[in-house]
Every structure is written in C-alpha cells, then in structure tokens.
2 protein chains.
Amino acid sequence: MKSNTARLHAVPDTGNSDTFAVPEIRQEGLSEHLARLNGTALRLHFHRSETIAAAGDTAAYVYVLSSGCIRLSHHVADGRRHIADFLFSGDIFGLGDASFFALSAEAVSPVTLAAYPRAVFDRLGEGNNHLRSDIFAHLSLAIAQAHRHLFLVSCLNARERVAAFLVRMMEKTQLVLGVRLDLPMPRQDIADHLGLSIETVCRALAALKAEAVIEVPNAHVIVMRDIGMLRAIASGPSQS
Amino acid sequence: MKSNTARLHAVPDTGNSDTFAVPEIRQEGLSEHLARLNGTALRLHFHRSETIAAAGDTAAYVYVLSSGCIRLSHHVADGRRHIADFLFSGDIFGLGDASFFALSAEAVSPVTLAAYPRAVFDRLGEGNNHLRSDIFAHLSLAIAQAHRHLFLVSCLNARERVAAFLVRMMEKTQLVLGVRLDLPMPRQDIADHLGLSIETVCRALAALKAEAVIEVPNAHVIVMRDIGMLRAIASGPSQS
DNA sequence: CGCACGGTTGAGGACATTCAAAAAACGTGG
DNA sequence: CCACGTTTTTTGAATGTCCTCAACCGTGCG
C-alpha cells in the first residue's frame with residue numbers, strides 16, 4: 001500500500017523531521033476553564049473494557065480523562081472495527097459531538113475521568129472568548145491529527161506504521177526523552193488502530209527489535225533503543 | 001480545513017444504512033454569514049493544477065469555492081502525497097487553520113472562489129453566536145468525515161474503497177438521484193485519495209463495470225447502473 | 001497443576017503493487 | 001480538420017506485502 005504519486009525519490013531526508021508535523025501542544029487553556037466547572041463535574045471511573053460512551057449515545061457530557069487510557073472506536077456489525085485514537089490523562093472526549101457521539105469510548109485500562117454536563121459547558125462558553133478559542137483550537141488539532149493518521153494509514157507500510165505509532169505514543173504520554181514506553185492496550189487494539197492484522201503488528205515489532213531499534217521486555221513495555229532511527233522509519237520509506 | 005460543508009440530502013438511502021453515517025447536511029448558515037462579507041471578499045480564479053494555497057502558508061483567508069473542484073493534499077519530499085478531500089461548489093477551505101494552512105489546496109478543474117480575509121471573518125464571529133455555532137458545526141463535521149475516511153482506508157479493500165468514493169462523490173456533487181457522475185479529477189488523484197495505486201483504481205472500476213454496477217463511457221464520467229448495489233459494496237464485506 | 005488468554009511465529013494464499021506496454025484521450029500546429 | 005506528440009488510462013504478468021489459518025509459547029489464575 002503505498003500508492004502515491006510519484007515514485008521518484010531524491011531526498012536525502014536527514015531522517016528526522018516529521019514530514020507531517022502536527023503541533024502536539026498540551027491544551028492548558030481548556031483544562032483551566034474546565035477546572036472552573038468542578039462543582040458540576042461528575043467524577044467517574046471504569047475498569048478495563050468497559051464502555052464509557054457508545055457511538056450514537058446522546059452527547060450529554062464532555063469527558064476529561066484524569067488517569068488511565070481509553071480508545072475511541074467505531075464498530076460495524078460484522079465485527080470489524082477501527083480505533084480512531086487513544087486518549088490519556090488530560091485528553092478530552094466529546095467536544096466535537098454536538099448531539100450524539102460519533103465514536104465509542106472504551107476503557108483500555110482502569111480509568112478515572114471527569115464528566116462535565118454539556119449544557120453547563122456551553123453556557124460558560126457563551127460569555128468567554130478565550131474558552132471558545134480554546135475549543136476552536138482543540139477541534140482544529142483533532143482535524144490535523146486525523147489527517148496525519150490518514151496519511152499514515154494511506155502511505156506507510158506495516159513497519160513504518162508501527163514505528164509511527166510508537167513515536168506518537170511516546171509523545172502522547174509525555175515520555176519525550178524517556179526510553180521506557182508503556183503500552184496499556186492489547187495488540188489487537190494497535191492493529192485496529194493502524195489498519196493491520198494483529199500478526200502483522202507482532203512481526204513489525206519483531207523486525208524493529210531485530211534491527212535493535214527497540215527492545216520488548218514484555219508485551220506492554222517498549223524500550224526505545226534508537227529513537228532517531230525510529231523517527232526516521234516512522235516518516236516513511238526514505239532510506240529504509 | 002478540509003472538508004467542508006457538505007451537502008445535503010437526506011437521501012433515501014435505499015440500499016442499506018451506511019455503516020458509518022456522517023450527517024451530510026448542508027450548512028446553510030455559514031454561506032449566509034459569508035455572503036454578508038461580500039464587500040471584503042476577493043474573487044479569484046485558477047486553472048487546472050494551480051496551487052491556491054500551499055501547506056505552511058499563512059492562513060490569511062478563508063476560501064469558499066463557487067465553481068470547479070479543488071483537492072486538499074499533503075505532499076512529502078519524496079513525491080508521495082495524500083489527498084485528504086475534494087471540494088466542490090459551496091465548500092469551504094481554511095476555516096480550521098488558525099495561523100498556517102495544514103494542507104495544500106490545488107485546482108483540479110478551473111476554479112472560481114471567494115477569499116474572505118480571516119481577520120474580518122474572525123471579527124464578525126465575535127459578536128455572533130449563530131455564526132460561531134456554524135463554524136463549530138463545520139469543524140465537527142470535518143472531524144467526522146476524516147474519521148469516516150479513516151475507516152474506509154483502514155478497513156475496506158480496493159473495490160469497496162472505489163465504490164465508497166463514487167457514492168461520496170455522488171453525494172458531494174448533489175447528484176443524489178442522477179445516474180451520471182462527473183469526476184473532474186484524474187485517476188492518480190483518486191488513487192492518492194484512497195491509498196491505492198492508480199492501476200488498482202482502474203482495475204476496481206473495471207470490476208464494478210464487469211458486475212454491471214456502473215458504466216464508464218469515458219474516463220471522467222461514471223454512469224450509475226445499480227446504486228443500491230454500489231452502496232452495499234461501499235459499506236464493506238457484509239453481503240457482497 | 002492445568003486451563004485460558006494474549007502474544008508470537010510459521011506456512012501458504014490472497015490481494016495490491018510494480019513494471020511494462022498498449023490503447024485512448026488531449027492539445028498543438030500545420 | 002487532420003497528423004503528431006504527449007499525457008492519461010487501461011490491461012497484462014510477475015512480484016511482494018500483508019492476511020489467514022494454525023500451532024506454539026508464556027503468563028496469570030482458579
């Protein structure tokens with residue numbers, strides 16, 4: 001699956017710069033605003049595999065994850081599913097869903113989160129330009145990330161997708177300089193996120209391990225051995 | 001950014017429910033609001049293959065397409081590219097790009113469009129709740145569509161992707177009940193949109209033709225022979 | 001201890017890509 | 001209007017990647 005136009009190749013591609021940079025900025029703003037709503041927030045939690053909200057449900061709340069990991073997925077009748085994204089502490093779910101949730105949110109690991117009634121949330125926004133622009137920024141970022149992932153799935157091969165996934169998980173979990181990455185989700189979830197089969201995910205990890213780019217002490221921990229190389233692989237078939 | 005406003009049509013949807021329904025509602029609101037800005041709008045036009053805005057450019061304007069077709073694409077150095085979406089008359093580009101465009105916009109066919117200075121646009125929004133909620137809806141829709149496309153690229157095979165593409169183009173170009181679909185973009189663009197090679201797109205079209213689902217009188221015209229079947233194919237390996 | 005479950009690895013096959021070439025469409029200039 | 005060169009589209013054959021099916025391994029738990 002590569003596709004693409006042109007198969008020319010020239011590009012030294014130093015092997016670094018993300019070719020599809022999406023600013024991965026923490027959205028401080030929104031969190032602050034939400035803190036002000038604490039009085040009306042519900043504190044909830046869920047254990048592994050529980051459904052927090054199902055696609056099609058009335059979007060009565062906006063959720064902010066305080067701990068754990070959740071997946072945003074789309075299920076179809078015949079068992080196939082696609083996982084749009086994984087959310088971690090500080091991430092927000094439901095902001096873009098005006099009336100009904102477009103995706104299901106399910107707990108990957110034990111989760112605690114705050115649920116803000118949408119009505120209250122909206123009311124607050126009406127008098128607050130700053131909050132609104134934060135929401136705007138949040139939605140824009142969500143679009144940019146969806147497009148980045150679209151590029152990943154459309155243009156990268158299995159090994160590159162897995163590498164890109166690891167890089168992204170590193171960023172999302174703030175483990176920018178660390179070497180030890182915790183992957184709370186099972187392989188099947190990674191597969192459904194990347195548009196691969198579970199076996200292919202395993203094989204891609206094995207390949208990266210064989211190249212000494214990563215180590216896999218156990219199934220849920222990845223040790224980054226060569227982050228530069230990992231990023232290079234993640235950005236496409238430049239030199240691989 | 002992408003995406004757009006989209007098109008109405010509640011569509012009888014004969015065939016079966018789209019497994020990933022995205023409300024394809026026309027955003028009347030935005031167009032009306034924009035009309036009020038006519039005084040400040042620039043009227044531009046471009047011919048085939050011209051770049052209207054490049055990724056990374058300062059997002060000084062919000063564009064509304066009045067005629068023609070443009071593609072929103074992401075290019076990488078080695079020649080690969082991904083086309084996030086195609087825009088038609090009435091669609092909006094640049095709304096989600098606060099400072100810089102995340103995607104390039106290029107004319108697929110001769111294009112005329114209106115460019116609204118972002119500053120003016122933003123100022124209008126500050127005093128207008130209705131406009132703001134239209135923008136919000138626009139961004140939400142863009143996210144939903146990106147997710148739908150993500151599902152398509154992650155879970156469907158070549159024939160299904162091409163079928164889904166045809167269905168979507170039918171909807172976008174308001175040709176809900178018609179049978180004659182005009183495809184202004186070259187095969188390579190379709191391939192880069194669907195994450196396939198150009199040859200595979202051709203073969204998928206040939207397969208649909210062989211099944212008597214479509215006819216292809218010439219490369220840029222598709223005649224729908226069995227829309228119900230097309231929708232069934234587009235929604236995945238359920239009963240095909 | 002034995003079972004269940006998630007993960008890993010192997011073999012074979014399906015599907016999409018690549019390379020190659022022919023056919024059709026397009027534009028230009030005579 | 002036609003001839004010509006260029007570009008786009010289509011088809012064919014071979015290759016490669018990823019998927020499917022299946023067995024195996026390791027860990028955790030009753």
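Throughout, a chain's letter reflects where its sequence line sits, starting with A, and its residues are numbered from 1.
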Please list, by residue number, the residues of residues 215-225 of chain A whose heavy atoms come closer than 4.0 Å to an atom of DNA chain D; answer none if no residue qualifies. none
Here the gap from A/Ile198 atom CD1 to A/Arg187 atom CZ, rounded to the nearest 0.5 Å, amounts to 8.0 Å
State whether a side-chain donor-acceptor pair under 3.5 Å links B/Ser67 with B/Thr112. yes
The test is side chain to side chain contact (heavy atoms under 4.5 Å, CB included); show your working for A/Asp182 and A/Val221 and say whether it passes. CA-CA 5 Å; A/Asp182 192 71; A/Val221 173; 4.0 Å; yes
Work out how much the helix from C/dC1-D/dG30 to C/dG30-D/dC1 bends between its end axes, five pairs an end, to the nearest 10 degrees. 30°
If we ignore hydrogens and angles and just use 3.5 Å, is the side chain of A/Glu160 paired with the main-chain N or O of A/Asn157 as donor and acceptor? yes
Looking at A/Ser109 and A/Arg48, what are the two nearest heavy atoms and their distance? CA-CG, 3.9 Å
Can you build the contact string for nucleotides 24-30 of chain D? Use B for base contact, S for sugar-phosphate-only contact, and - for no protein heavy atom under 4.0 Å. -------
Hey, which of A/Asp91, A/Asp192, A/Asp189 is the one that makes salt bridge (charged side-chain N to carboxylate O under 4.0 Å, His left out) with A/Arg71? A/Asp189
Figure out the CD/P separation between A/Glu160 and D/dG16, and round it to whole Å. 17 Å
For A/His82, the ring pair (Phe, Tyr, Trp, His ring centres under 6.0 Å) test, sequence neighbours excluded, returns none
To the nearest 0.5 Å, tell me how far A/His193 NE2 sits from B/Leu150 CG. 8.0 Å
For DNA chain C, which residues of residues 187-201 of chain A approach it to below 4.0 angstrom with any heavy atom? A/Arg187, A/Glu199
Within residues 51-63 of chain B or reaching into it, pairs that qualify as side-chain hydrogen bond (donor to acceptor under 3.5 Å, both in side chains) - sequence neighbours excluded: none
In whole Å, I'd like the distance from the NZ atom of A/Lys209 to the P atom of C/dT8. 7 Å
Under the ring-ring contact (aromatic ring centres under 6.0 Å, His included) test against A/Phe93, which residue among A/Phe88, A/Phe86, A/Phe101 passes? A/Phe101
Is it true that a side-chain atom of A/Asp85 and a backbone atom of A/Leu72 form a donor plus acceptor pair closer than 3.5 Å? no
Atom of A/Ala158, atom of A/Thr200 and distance for their closest heavy-atom approach: CB-CG2, 3.5 Å
Rounding to an integer number of Å, can you tell me how far B/Leu183 CG sits from C/dA25 P? 16 Å
Between atom CZ in B/Arg203 and atom C1' in C/dA23, what is the gap in whole Å? 15 Å
Starting at CZ of B/Arg48 and ending at C1' of D/dT7, how long is that distance when rounded to a whole Å? 10 Å
Quick check against the 3.5 Å criterion: does B/Ser154 have a side-chain atom that pairs as donor or acceptor with the backbone of B/Phe151? no
